[in-house]
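Just below is one structure, and these are the notes that go with it.
None of the values given here were measured: they were computed from a predicted structure. When reading the values below, keep in mind they use all heavy atoms of this one structure, side chains included, and skip hydrogens, waters and symmetry mates.
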Amino acid sequence: MSSLLRSAIIKAYWRLLPLLFFSYIIAYVDRNNVSLAKLKMINDLRSFQHRTETIFGLGQVAFFTGYLILEIPGTLIVEKWSARKWICRIMITWGILASLTAIVKQPWHFYLIRFLLGLAEAGFFPGIVVYLTHWFPARARARALSLFFTATPIAQFISPKISYYILRMGTIENGIYYRTLFKLKGWQWMYIIWGVPSVIFGIVVLFFLTDRPKDANWLSDEERQALETELSLELLHRQAAGGHLTLLQALRHIKVILLAIAYFFVVTGSYGVEIFLPTILRDWYHLSDSLLTWLLMIPPFGSLVGMLVIGFSSDRTKERRFHASIPILIGAIGLGLTLIRQQPLIVMIILFTVASIGTKAYAPAFWSLPSLFLSESAAAGSIGFINSIGNLGGGVGPFVLGILKDRTGSFFLGILLLSISMCLTSIIITVLRFDRDRQQELHKNKQQLIISSINEELTTTTQEIEQSTKF
């Protein structure tokens, strides 16, 4: 890697990733804070007290149904139009809708708001993944993705305790009454307080995010040229390795379909656990809100460490497939072992931490896979497609876990199905094969680009000579 290219990548890291990082933290909290809010909502809303777990599971189905509808169009807008403007629109609308969750009174209100929130957020995550391909070559992309993806465990780490202090507004705890404002309950304030930063960050994104390297006035001309040349060489490599597939061809590509199925199964396990973990721990160990929110900070801390280690290892070795499949398998085993009941609380927390590592650490390597065999536009649409189909699991997992809990009175069968689902993901990714002749192809394409450049210069020189001879 040349010094100019290295300098450009480092500047892009510091300019782009912090803003994307904090935006994703807010997005993730707005999406998943319902897991804690539900513990209080059911006390204030009588209509939520019958078939409670099914209602919140259906809320997740509604969210990801809306998410599916606009996911691919949103991702293509990032590719073809402007990441900066589209992400700004997403963040402002989802911040407003997340805050409006505070006004729900009936389950159908909840379903409608969750559906609209899914529509609003659609395209954000895959759009960011596509956006990073505009800035970082493959050798640096896994690291950039790893740093970006750490926003999810950090969001899970910081939000429980902050949410706990908000949730107790308007309630009596240990004989102490915690005041509220405007007669709103704590869970209502939680939705509002977490929604406002999204609107603010949306405005910041509009003014500070840069769409592509050619628009970056914070790079020198030499750095900009070095980065654009490297990205162009990678595009040539993908076209040579897999052909220049159209979007429709990419969506019919067997590897794209299998990646979508694999992502569906792991997201089923991931969201099933995330949405119901507070309820599971309270149901099994009868914990106080204060202790529960402290314990909920441990699994995401483990997944943060795992994500950084796996991401940097994948980037160093240039290996993606096993860096995605092995963590998922380990997480599935950890989740399955939680079914051995009567275990000490500390052992159960360790097992859920292992499961959390499995549902997070694979992400940087996994999202590097589509760009190994698809051209730019095809990869963008395919990432949206994979994320859309996969995220249906975000509705299926909580719904299955919720309805089985309401019908059987136990989380046992639901957790077993989630563990099996994650195992299927590991198997699918393991059996896939991707092009590994990257360096050879890049060298060949680089030579072709140099030869093409020399030919253009010779042609220009010849034309100039002919022109001077005429005169």
Run the numbers on Val61 and Val396 for side-chain contact (heavy atoms from CB on, under 4.5 Å), then give the verdict.
-> CA-CA 7 Å; Val61 172; Val396 172; over 6 Å; no
Are side-chain heavy atoms of Leu337 and Val354 found at a separation under 4.5 Å?
-> no
CZ of Arg46 to NZ of Lys105, rounded to nearest 0.5 Å, is 13.0 Å
Calculate, to the nearest 0.5 Å, the distance between atoms OG1 and CE belonging to Thr359 and Met307 respectively.
-> 8.0 Å
So do Ser290 and Lys161 actually touch side chain to side chain, heavy atoms under 4.5 Å?
-> yes
Applying the side-chain contact (heavy atoms from CB on, under 4.5 Å) test to Leu20, which of Ile128, Ile25, Val205 qualifies?
-> Ile128
If you measure from OH on Tyr67 to CD on Glu121, what distance do you get to the nearest 0.5 Å?
-> 5.0 Å
Ring centres under 6.0 angstrom apart (Tyr24, Phe148) | yes
Heavy-atom check, side chain of Ile386 versus side chain of Phe366, under 4.5 Å = yes
Applying side-chain contact (heavy atoms from CB on, under 4.5 Å), run through Leu295 and Tyr285 and close with a yes or a no.
-> CA-CA 12 Å; Leu295 292 175; Tyr285 294 97; over 6 Å; no
Taking the side chain as every heavy atom from C-beta outward, state whether Leu259 and Leu432 have any pair of such atoms under 4.5 Å apart.
-> yes
Are the charged groups of Glu274 and Lys360 less than 4.0 angstrom apart, N to O?
-> yes
Residues Ser163 and Trp194: closest non-hydrogen pair is OG-NE1, 3.2 Å
With Phe48 as partner, the option from Trp108, Phe56, Tyr111 fulfilling ring pair (Phe, Tyr, Trp, His ring centres under 6.0 Å) is Phe56
So, does Trp135 use its side chain to make a donor-acceptor pair with the main chain of Asp211 at under 3.5 Å?
-> yes
Just checking, is any N or O donor in the side chain of Ser325 or Arg321 under 3.5 Å from an acceptor N or O on the other one?
-> no
Side chain of Ser314, backbone of Ile310: donor and acceptor closer than 3.5 Å?
-> no
What closest approach, in Å, do Glu53 and Thr279 show between heavy atoms, and which atom pair accounts for it?
-> OE2-CG2, 3.7 Å
Within-4.5 Å side-chain heavy-atom neighbours: Leu296 and Pro278 = yes
Is there side-chain contact between Phe201 and Phe208, with heavy atoms separated by less than 4.5 Å?
-> no
Shortest non-hydrogen contact from Ala98 to Asp30?
-> CB-CG, 3.9 Å
Would you say Leu100 and Leu97 make side-chain contact, with heavy atoms under 4.5 Å?
-> yes
Short question: side chain of His109, backbone of Gln106 - any donor-acceptor pair under 3.5 Å?
-> yes
Around Phe21, counting heavy atoms of other residues, nucleotides and ligands shown, do more than 12 lie under 6.0 Å from its CZ?
-> yes
State whether the side chain of Arg84 and the backbone N or O of Leu206 hold a donor-acceptor pair below 3.5 Å, judged by distance alone.
-> yes
Taking the side chain from Arg51 and the backbone from Gly402, do they hold a donor-acceptor pair closer than 3.5 Å?
-> no
Test item: Ser303 side-chain N/O and Ile357 main-chain N/O as donor-acceptor pair under 3.5 Å = no
For the pair Gln60 and Ile275, evaluate side-chain contact (heavy atoms from CB on, under 4.5 Å) and give the outcome as yes or no after the intermediate values.
-> CA-CA 9 Å; Gln60 286 298 103; Ile275 297 299; 3.9 Å; yes
For the pair Ser35 (side chain) and Asn32 (backbone), establish whether a donor and an acceptor sit closer than 3.5 Å, ignoring hydrogens and angles.
-> yes
Taking every non-hydrogen atom, the tightest pair across Asn33 and Met190 | O-CE, 3.2 Å
For Met91 and Ser198, the nearest pair of non-hydrogen atoms, with its separation, is O-OG, 2.5 Å
Give a yes or no on whether Arg15 atom CZ has more than 12 heavy-atom contacts from other residues, nucleotides or ligands under 6.0 Å away.
-> yes
Stepwise, does the side-chain contact (heavy atoms from CB on, under 4.5 Å) test hold for Thr93 with Val199?
-> CA-CA 7 Å; Thr93 53; Val199 177; over 6 Å; no
Crowding at CZ, Phe301 (>12 non-hydrogen neighbours, <6.0 Å) = no
Heavy-atom neighbours of Phe322 CZ exceed 12 at 6.0 Å | yes
Hey, are the side chains of Ile261 and Ile389 touching, using non-hydrogen atoms and a 4.5 Å cut-off?
-> no
Ignoring hydrogens and angles, tell me if any N or O in the side chain of Thr425 forms a donor-acceptor pair with the backbone of Ala262 under 3.5 Å.
-> yes
Which pair of non-hydrogen atoms, one from Phe399 and one from Leu58, has the smallest distance, and what is that distance?
-> CE1-CD2, 3.4 Å
Over 12 non-hydrogen atoms of neighbours within 6.0 angstrom of NZ in Lys40 | yes
Please confirm whether Phe124 and Trp94 have ring centers closer than 6.0 angstrom.
-> yes
Nearest-0.5 Å distance, CD1 of residue Ile328 to CG of residue Leu424 | 11.0 Å
Assess the pair Phe115 and Phe63: is the distance between their ring centroids shorter than 6.0 Å?
-> no
Whether Thr210 side chain and Arg212 backbone form a donor-acceptor pair below 3.5 Å | no
Can you tell me how far CD1 of Ile193 sits from CD1 of Ile166, rounded to the nearest 0.5 angstrom?
-> 4.0 Å
Euclidean distance, Ile429 CD1 relative to Tyr263 OH, rounded to 0.5 Å | 11.0 Å
If only atom types and distance count, is the side chain of Ser356 paired as donor or acceptor with the main-chain N or O of Phe352 below 3.5 Å?
-> no
